[in-house]
Enquirer: 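My questions will all concern the structure given below.
Worth knowing before you read on, the calculation uses all heavy atoms, side chains too, and leaves out hydrogens, waters and symmetry mates. Counting convention: from 1, in listed order, for ligands and their atoms alike.
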Amino acid sequence: MKVRKAVFPVAGLGTRFLPATKSMPKEMLPLVDKPIIQYAVEEALASGIEEIIFVTGKGKSALEDHFDRSYHLEETLKERKKDLLLKEVESVVPATGTIVYTRQNEPLGLGHAIWCARNIVGDEPFAVLLADDVIQTDVPVLSQMIEQFDRLRASVVATIEVDPAETSKYGIVEPDNSFSDDVVRIKGLIEKPEKDEAPSNLAIIGRYILTPRIFDILGKGIVGAGNEIQLTDAMSMLLEKQPIYAYNFEGKRFDCGDKAGFQMANLAFALDRPELKKELMAFMKELAC
Ligand code: UTP
């Protein structure tokens with residue numbers, strides 16, 4: 001079955017960016033000149049996703065407005081003959097009916113947020129994208145993963161190798177012996193283990209393709225690390241019934257949920273823009289002196 005739907009859990013509180021996120025969703029923080037959520041939505045659409053499912057919460061209306069038409073703004077840009085900007089603004093809005101919204105009434109964890117989308121996803125495989133993880137690459141990571149899913153016909157999660165001192169920030173994979181260059185069959189999973197308990201340094205990042213069976217497990221509401229309903233725990237239970245594969249994708253990942261990672265992403269994406277590069281390079285040289 002084709003992967004047609006993508007779930008975007010965006011109901012978190014974004015506490016690491018307070019006070020910026022007191023009244024603005026974390027997902028709306030701009031990476032150069034686009035909110036980070038837009039990068040993930042563009043990635044999904046470029047990977048052939050037909051339905052975008054946002055799991056939102058209180059205080060996230062700016063996000064809904066961003067993906068909606070803005071007639072007043074568009075008229076003003078038209079009058080001022082700002083054609084390029086107008087095109088840019090219009091291109092943000094996917095075709096009518098592509099986006100569906102549901103709410104997570106309480107931020108009980110990532111696993112719970114995904115479970116909130118169960119009736120909209122239905123009985124088919126689906127993708128999950130966490131906007132915090134922005135990936136610079138030529139081929140969209142989700143499209144690379146869909147290719148793997150079509151080949152393996154099983155759940156696939158995106159992984160990176162992290163510094164062993166950082167395993168306590170991630171869901172960590174215990175790899176099976178059988179692995180090729182970039183795909184590893186997963187034997188076990190642990191959420192945020194300390195360095196000594198981690199079975200590897202292979203960490204899950206915010207891109208998943210899951211089978212709908214995960215909803216039955218998430219529905220049990222089992223609370224894990226941080227007193228939250230964790231997706232990693234549910235995937236660990238799914239492993240008892242179905243295989244899951246880790247996929248080491250091609251591309252550079254930035255953790256935009258973290259202050260340093262967010263600044264690095266801004267720098268990397270800005271340096272990728274010819275109109276900004278020269279000025280920024282000169283400024284960085286000045287700072288380094
Ligand atoms: P994070 O833990 O990175 O986001 O969750 P957060 O909780 O918003 O941020 P901090 O840690 O307080 O700064 C990863 C993703 O899961 C969503 C978040 O919105 C984010 O996109 N999430 C998390 C939910 O939708 N619901 C939750 O209950 C928890």
Enquirer: Mind checking whether Thr15 has an N or O less than 3.5 Å away from an N or O of ligand 1?
Expert: yes
Enquirer: Distance under 4.0 Å to a non-hydrogen atom of Pro107: what atoms of ligand 1 satisfy this?
Expert: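 What qualifies from ligand 1 is 28 (O).
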Enquirer: Suppose I only count heavy atoms of Leu108 and a 4.0 Å limit; which atoms of ligand 1 are within that range?
Expert: 28 (O)
Enquirer: Which protein heavy atom lies closest to atom 16 (O) of ligand 1, and at what distance to 0.1 Å?
Expert: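 Scanning the protein heavy atoms, the shortest distance from atom 16 (O) of ligand 1 goes to Leu110 CD1, 3.6 Å.
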Enquirer: Start with the C-alpha gap between Val173 and Leu189, add the side-chain angles, then the distance that decides, and say whether side chain to side chain contact (heavy atoms under 4.5 Å, CB included) holds.
Expert: CA-CA 5 Å; Val173 165; Leu189 289 164; 3.8 Å; yes
Enquirer: To check your reading of the model: name the closest protein heavy atom to atom 8 (O) of ligand 1, its residue, and the distance in Å.
Expert: Gly14 N, 2.8 Å
Enquirer: Tell me which protein heavy atom sits closest to atom 11 (O) of ligand 1, plus the residue, atom name and distance to 0.1 Å.
Expert: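 Protein heavy atom with the smallest distance to atom 11 (O) of ligand 1: Arg16 NE, 3.0 Å.
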Enquirer: Can you name the atoms of ligand 1, numbered from 1 with element, that are less than 4.0 Å from a heavy atom of Val10?
Expert: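 The atoms of ligand 1 under 4.0 Å from a heavy atom of Val10 are 19 (O), 25 (O).
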Enquirer: With no hydrogens and no angle check, is any side-chain donor or acceptor of Lys5 less than 3.5 Å from a backbone partner on Ile120?
Expert: yes
Enquirer: Find all atoms of ligand 1 within a distance of less than 4.0 Å from any non-hydrogen atom belonging to Gln104, and give their numbers and elements.
Expert: 24 (C), 25 (O), 26 (N), 27 (C), 28 (O)
Enquirer: Are Phe215 and Ile217 connected in the hydrophobic side-chain network, where two residues link if heavy atoms are under 4.5 Å apart?
Expert: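 Yes, it is one cluster - the side chains of Phe215 and Ile217 are joined through contacts under 4.5 Å.
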Enquirer: Counting only N and O atoms by type, is there a donor-acceptor contact under 3.5 Å from the side chain of Asn266 to the main-chain atoms of Val32?
Expert: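 Yes, Asn266 side chain to Val32 backbone: donor-acceptor pair under 3.5 Å.
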Enquirer: Dump the intermediate steps for side chain to side chain donor-acceptor pair (under 3.5 Å) on Gln38 and Glu42, then the final yes or no.
Expert: CA-CA 6 Å; Gln38 196 181 324; Glu42 286 174 357; 2.9 Å; yes
Enquirer: Write out the residue and atom name of the closest protein heavy atom to atom 17 (C) of ligand 1, then the distance separating them to 0.1 Å.
Expert: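 For this ligand atom, the closest protein heavy atom is Pro9 O, 3.5 Å.
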Enquirer: Evaluate Ala11 for polar contact with ligand 1, using N/O atom pairs at a separation under 3.5 Å.
Expert: yes
Enquirer: Closest non-hydrogen protein atom to atom 28 (O) of ligand 1, residue and atom name please, with distance?
Expert: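 Of every protein heavy atom, Gly109 N, 2.7 Å lies nearest to atom 28 (O) of ligand 1.
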Enquirer: Any atoms of ligand 1 less than 4.0 Å from a non-hydrogen atom of Ala113? List them with their elements.
Expert: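 In order of numbering, the contacting atoms are 24 (C), 25 (O), 26 (N).
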Enquirer: Any salt bridge between Lys241 and Asp216, counting N to O under 4.0 Å?
Expert: no
Enquirer: Give yes or no for whether the N/O distance cutoff of 3.5 Å, strictly under, is met between Lys60 and ligand 1.
Expert: no
Enquirer: Can you list the atoms of ligand 1 that are under 4.0 Å from a heavy atom of Lys26?
Expert: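 Close to Lys26: 1 (P), 3 (O), 4 (O), 6 (P), 8 (O), 9 (O).
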Enquirer: As an exercise, identify every atom of ligand 1 less than 4.0 angstrom from a heavy atom of Asp132.
Expert: 3 (O)
Enquirer: Taking Asp255's backbone N and O only, do any of them form a donor-acceptor pair with Asp132's side chain (distance below 3.5 Å, no angle check)?
Expert: no
Enquirer: When you measure from the side chain of Arg253 to the backbone of Val134, do you find a donor-acceptor pair of N or O atoms at a distance under 3.5 Å?
Expert: no
Enquirer: Answer yes or no: is there an ion pair linking Lys87 with Glu90, defined by an N-O contact shorter than 4.0 Å?
Expert: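 Judged by the 4.0 Å cut-off on N to carboxylate O distance, Lys87 and Glu90 do not form a salt bridge.
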Enquirer: For atom 22 (N) of ligand 1, what is the closest protein heavy atom, and at what distance to 0.1 Å?
Expert: Gly12 N, 3.6 Å
Enquirer: Report the nearest protein non-hydrogen atom to atom 14 (C) of ligand 1: residue, atom name, distance rounded to 0.1 Å.
Expert: Leu130 CD1, 4.1 Å
Enquirer: For ligand 1, which part of Glu27 has a heavy atom less than 4.0 Å away: the side chain, the backbone, both, or neither?
Expert: side chain
Enquirer: Considering only the protein, which heavy-atom contact is closest to atom 7 (O) of ligand 1, and what is its distance?
Expert: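 Nearest neighbour among protein heavy atoms for atom 7 (O) of ligand 1, to 0.1 Å: Leu13 N, 3.9 Å.
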